[in-house]
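Every chain is numbered from 1, with letters handed out A, B, ... down the list of sequences. All values below come from the heavy atoms of this structure, side chains included, with hydrogens, waters and symmetry mates left out. Note that the structure is a prediction, hence the values are computed from the model and not measured.
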Number of protein chains: 2
Amino acid sequence: MNIGNASVKSGLPAKTIRYYEEIGLVSPDRSDNGYRDFSQDHLHKLSFVQRARSLGFTIEECRALLSLYEDRDRASSDVKTMARAHLDQIGEKIESLLAMQATLSELVKKCHGDNRPDCPILDGLAGKQGKKA
Amino acid sequence: MNIGNASVKSGLPAKTIRYYEEIGLVSPDRSDNGYRDFSQDHLHKLSFVQRARSLGFTIEECRALLSLYEDRDRASSDVKTMARAHLDQIGEKIESLLAMQATLSELVKKCHGDNRPDCPILDGLAGKQGKKA
DNA sequence: GATAGGGCTTCCAGTTGCTGGAGGGTCAAG
DNA sequence: CTTGACCCTCCAGCAACTGGAAGCCCTATC
């Protein structure tokens, strides 16, 4: 199967698939005309990576997951450990975004947002504490 | 004040401050020996950017915020608009991270995590739907 | 005066994960 | 035979830094 086809079926842009080949995540065969030729197995890997990426795993984590996936003798605990570590990172990101959200929406709430130059948001960024009441 | 000092007071690494100069966010003076010389005003800007970055604004947004900050005639509505747009983006990121978290923790929950190779996490990534019950 | 250390300078390269574009070959249809 | 849709490779660039090399500068100590 050509790259265009593989792209549609895996949900990955052709450019991305070429990039994945370049970094050694997948190694499709080549047809006589030089076109990449993807087997069902390659397609499977691509979809696997697509899902893992969409869950926020890095490329290197995807590589590790792929090799666990290919390893018939893996221990599921290895996978679970990786997944949990990743879950922790997700949790941290969420925490930090929630903190940003809280701070910023507080500032936005205080800002009257009219034509006057007085602006609690800028004051907040400048380190001036706005009056509480 | 030297860059090391400015670094401590602004909470930004010296490297980052140099980078900010390179892209024109701050323009410190130079001493006779070629060292950067930061005034209180420069320091103020650096702290401003540090806070804005920590709230997740991009560099270009920081640039815009800085120029609004410097503009005595700005309308606070302009700032509020930017802040709200940014809040929306933060909200979207949080949503997508929560979705990842939900999916992944579901998979983790299903995985027994022992020495056997059977692994619902990998199956999930491979597109196989695990049995519900 | 020599030397050791720390801080400062510039410049170049690398990070992550792609994405866009130039320039050109291939293939099937009309 | 040409058109258009594919495919190929290679190079450059994005954000926002970060690390390192090579080399001044400044102060303190011997």
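Separating the CG atom of Asp29(B) from the P atom of dT9(C) is a distance of 13 Å, rounded to the nearest angstrom. Distance CZ (Arg18(A)) to P (dC10(D)): 12 Å, rounded to an integer number of Å. Per the geometry, CG belonging to Asn2(B) stands 17 Å off P belonging to dG6(C), to the nearest Å. Nucleotide dC14(D) holds its C1' atom 13 Å from the CD1 atom of Ile23(B), rounded to whole Å. Note: CD (Glu22(A)) to P (dT19(C)) measures 14 Å, nearest angstrom. Computed from coordinates, the Asp32(B) CG to dC24(D) P distance equals 19 Å when rounded to whole Å. In this structure, CG of Leu25(A) is placed 13 Å from C1' of dT16(C), rounded to the nearest angstrom. Going from atom CG of Asn33(B) over to atom P of dT9(C) covers 8 Å, rounded to whole Å.
Comparing the end axes of the helix from dG1(C)-dC30(D) to dG30(C)-dC1(D), each fitted to five base pairs by superposing C1' atoms of four pairs onto the next four, gives an inter-axis angle of 30° (nearest 10 degrees).
Residues in residues 60-95 of chain B take part in these ring-ring contact (aromatic ring centres under 6.0 Å, His included) pairs, two or more places apart or across chains: Phe48(B)-Tyr69(B), Phe57(B)-His86(B). The ring-ring contact (aromatic ring centres under 6.0 Å, His included) analysis of residues 11-33 of chain A, with sequence neighbours excluded, yields no pairs. Identified under the ring-ring contact (aromatic ring centres under 6.0 Å, His included) test for residues 96-117 of chain A, with sequence neighbours left out: none.
When hydrophobic clusters are built by joining Ile, Leu, Val, Met, Phe, Trp and Tyr residues whose side-chain heavy atoms come closer than 4.5 Å, directly or via intermediates, Leu12(B) is not grouped with Val8(B).
Using a 4.0 Å cut-off on heavy atoms, none of the residues of residues 86-93 of chain B approach DNA chain D. Of the residues in residues 4-15 of chain A, those with a non-hydrogen atom less than 4.0 angstrom from any atom of DNA chain D are Gly4(A), Lys15(A). Proximity of residues 35-51 of chain A to DNA chain D (heavy atom under 4.0 angstrom from any strand atom) is restricted to Tyr35(A), Arg36(A).
Salt-bridge formation is not detected for the pair Glu22(A)/Arg36(A): no Lys NZ or Arg NE/NH1/NH2 atom is positioned less than 4.0 Å from an Asp or Glu carboxylate oxygen. The existence of a salt bridge linking Arg116(B) and Asp114(B) is confirmed by a sub-4.0 Å separation between a basic side-chain nitrogen and an acidic carboxylate oxygen. Between Lys109(B) and Glu106(B) there is a salt bridge, since a side-chain N of the basic residue sits under 4.0 Å from a carboxylate O of the acidic one.
Atom CG of Leu25(B) is separated from atom CD1 of Ile17(B) by 11.5 Å, given to the nearest 0.5 angstrom. Separation of atoms CZ (Arg18(B)) and CD1 (Ile23(B)) is listed at 14.5 Å; rounding is to 0.5 Å.
Taking both residues in full, the closest heavy atoms of Ala14(B) and Ile3(B) are given as O-CD1, 3.6 Å, listed atom of the first, atom of the second, then distance.
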Would Ser96(B) and Glu92(B) count as a side chain to side chain contact (heavy atoms under 4.5 Å, CB included) here? Give the steps.
CA-CA 6 Å; Ser96(B) 108; Glu92(B) 282 169 27; over 6 Å; no
What do the steps show when you test Ser39(A) against His42(A) for side chain to side chain donor-acceptor pair (under 3.5 Å), and what is the final call?
CA-CA 5 Å; Ser39(A) 69; His42(A) 297 135; 3.1 Å; yes
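By the side-chain hydrogen bond (donor to acceptor under 3.5 Å, both in side chains) test, Glu60(B) is found to be paired with Arg63(B), residues two or more places apart in sequence or in another chain being considered. Evaluation of the side-chain hydrogen bond (donor to acceptor under 3.5 Å, both in side chains) rule for Gln101(B) yields no partner, not counting sequence neighbours. Checked against salt bridge (Lys or Arg N to Asp or Glu O under 4.0 Å), Glu95(A) has no partners two or more places apart in sequence or in another chain. Residues that satisfy the ring pair (Phe, Tyr, Trp, His ring centres under 6.0 Å) test with Tyr35(A), not counting sequence neighbours, are absent from this structure.
Note on Ile3(A): only backbone sugar-phosphate atoms sit closer than 4.0 angstrom, heavy atoms only; bases stay farther off.
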Distances under 3.5 Å only, N/O to N/O: pair up the protein atoms with those of nucleotides 15-17 of chain D.
| from | atom 1 | to | atom 2 | distance (Å) |
| --- | --- | --- | --- | --- |
| dA16(D) | OP2 | Ile59(B) | N | 3.3 |
| dA16(D) | O3' | Arg53(B) | NH2 | 3.4 |
| dC17(D) | OP2 | Tyr20(B) | OH | 2.7 |
| dC17(D) | OP2 | Arg53(B) | NE | 2.9 |

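Listed pair Arg30(A) / dT9(D) meets the phosphate criterion, a side-chain N or O lying under 4.0 Å from OP1 or OP2.
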